[in-house]
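Notes to accompany the following structure.
Lettering follows sequence order; numbering is per chain, from 1.
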There are 2 protein chains.
Amino acid sequence: MPKLTDPACAPQDHLARQRVALVHQGAIERAAGIFRAMGDAPRLRLLTLLGQGESCVTEIAAAEGEDLSTISQRLRVLRNEGLVSRRRNGKHILYGLADQHVADLLFNALAHASEGRADLSRFASLNPTKE
Amino acid sequence: MPKLTDPACAPQDHLARQRVALVHQGAIERAAGIFRAMGDAPRLRLLTLLGQGESCVTEIAAAEGEDLSTISQRLRVLRNEGLVSRRRNGKHILYGLADQHVADLLFNALAHASEGRADLSRFASLNPTKE
DNA sequence: CTGTCAATTGAACAGTCGATCAAGTGTTCC
DNA sequence: GGAACACTTGATCGACTGTTCAATTGACAG
């Protein structure tokens, strides 16, 4: 019987399997920034809310039962990573998801995290558009 | 000419547009946990490395020029969120991406963050498998 | 121009996170 | 069994993050 140790991890193997940096460090840092911004439950809730359509800060704060300032700060973080759009409308400023890519990321993660238990029907307009 | 204020954000509108919680709070928290784990550049680097195939901790540490313990701690965070798989092989413990879903999330974010500048060819085996 | 509504900003404080070190577990080889 | 290897764990500590409060900006109505 042959040795059954190290079929994939012998020292010489480590040398042989030189791995190249596939992705530029800058890209990794930008992606990490996006994930970090989404990696906070209150902020992620906010994104799912925006996934249903644009809202102004006041409306969001009312829906979440939170302070205006708190919501504004959360939106600032999301905006710094380019995850939300912003446009003024009279006295109000309307926020929304920045683009389809953000909606996809959101949709994929939520679908996975809720393992089919969620009703994402209202997200329909934002679902990944394949062909 | 009608007033052009508040076409989408009048007070009565706020009341009318009651938004339902589409996603269970638990799902949001799990998704946030996943994003948080991925929201750190060193950990995200680690995931892209594992995207090229399984590695043992020693190999990873050598590739990253980091301490064994540091790598182990990073892997622990990723493991707590179910992002990586682990199997023992002789003296070594091999880590890999947990499933296709993690690979998809990773791939999508990196593709977006590098805006076509990256060479993701070696990720081919992990690319989103549509139909 | 003044007051008011909508939202942002800066500062401060508490809570959380990540790298490191030292000590521990589990596995193989002799 | 015991030494050596591969990795994990717990504790510590500095750095970062999120919320809150107070003060500020910007837009609009009168």
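- Identified under the ring-ring contact (aromatic ring centres under 6.0 Å, His included) test for residues 30-58 of chain B, with sequence neighbours left out: Phe35(A)-Phe35(B).
- Ala37(A) is linked by a side-chain contact (heavy atoms from CB on, under 4.5 Å) to Val77(A), Leu78(A), Glu81(A), Leu83(A), counting only residues two or more places apart in sequence or in another chain.
- Note on Ile93(B): only backbone sugar-phosphate atoms sit closer than 4.0 angstrom, heavy atoms only; bases stay farther off.
- Taking atom CD1 of Ile71(A) as the reference point, atom P of dT9(C) lies 15 Å away to the nearest angstrom.
- The CZ atom of Arg86(B) sits 11 Å away from the P atom of dT27(C) (whole-angstrom rounding).
- Rounded to 10°, the angle separating the first-five-pair axis and the last-five-pair axis of the helix from dC1(C)-dG30(D) to dC30(C)-dG1(D) equals 30°.
- Separating the CD atom of Glu59(A) from the P atom of dA6(C) is a distance of 12 Å, rounded to the nearest angstrom.
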N/O donor to acceptor pairs below 3.5 angstrom from side-chain atoms of residues 60-71 of chain B, sequence neighbours left out:
| residue | atom | partner | partner atom | Å |
| --- | --- | --- | --- | --- |
| Glu64(B) | OE1 | Arg45(B) | NE | 3.0 |
| Glu64(B) | OE2 | Arg45(B) | NH2 | 3.4 |
| Glu66(B) | OE2 | Arg74(B) | NH2 | 3.2 |
| Asp67(B) | OD2 | Ser69(B) | N | 2.8 |

Where do Glu54(B) and Arg87(B) land on the side chain to side chain contact (heavy atoms under 4.5 Å, CB included) test, with the steps shown first? CA-CA 10 Å; Glu54(B) 288 185 314; Arg87(B) 66 187 182 89; 2.8 Å; yes
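- Applying the ring-ring contact (aromatic ring centres under 6.0 Å, His included) test to pairs two or more places apart or on separate chains, none has a residue in residues 46-75 of chain B.
- Counting to the nearest Å, the P atom of dG18(D) and the CD atom of Glu64(A) are 16 Å from each other.
- Every residue meeting the side chain to side chain donor-acceptor pair (under 3.5 Å) condition with Arg76(A), not counting sequence neighbours, appears here in chain and number order: Gln73(A).
- By the ring-ring contact (aromatic ring centres under 6.0 Å, His included) test, Tyr95(A) is found to be paired with no residue, residues two or more places apart in sequence or in another chain being considered.
- Straight-line distance from the CG atom of Leu46(A) to the C1' atom of dG18(D): 14 Å, rounded to whole Å.
- Rounded to a whole Å, the CG atom of Leu78(A) is 12 Å from the P atom of dT8(C).
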What string of B, S and - do you get for nucleotides 10-17 of chain C 5' to 3' if you count protein non-hydrogen atoms under 4.0 Å? BB------
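- Between dG18(D) and Arg74(A), no contact under 4.0 Å exists linking OP1 or OP2 to a side-chain N or O.
- Dashed line: the shortest gap from a side-chain N or O of Tyr95(B) to OP1 or OP2 of dA6(D) is not under 4.0 Å.
- Tested against Ser55(B) for a side-chain contact (heavy atoms from CB on, under 4.5 Å), the candidates Leu94(B), Leu50(B), Ile93(B) yield a single pass: Leu50(B).
- Not one side-chain nitrogen or oxygen of Arg88(B) sits closer than 4.0 Å to the OP1 or OP2 atom of dT25(C).
- Residue pairs meeting the ring-ring contact (aromatic ring centres under 6.0 Å, His included) criterion with at least one partner in residues 49-81 of chain A, sequence neighbours excluded, do not occur; the list is empty.
- Atom NZ in Lys91(A) sits about 12 Å away from atom C1' in dG26(D), given to the nearest Å.
- Not one side-chain nitrogen or oxygen of Thr70(A) sits closer than 4.0 Å to the OP1 or OP2 atom of dT19(D).
- Atom pair Leu68(B):CG and dA23(C):C1' shows a separation of 15 Å (rounding to whole Å applied).
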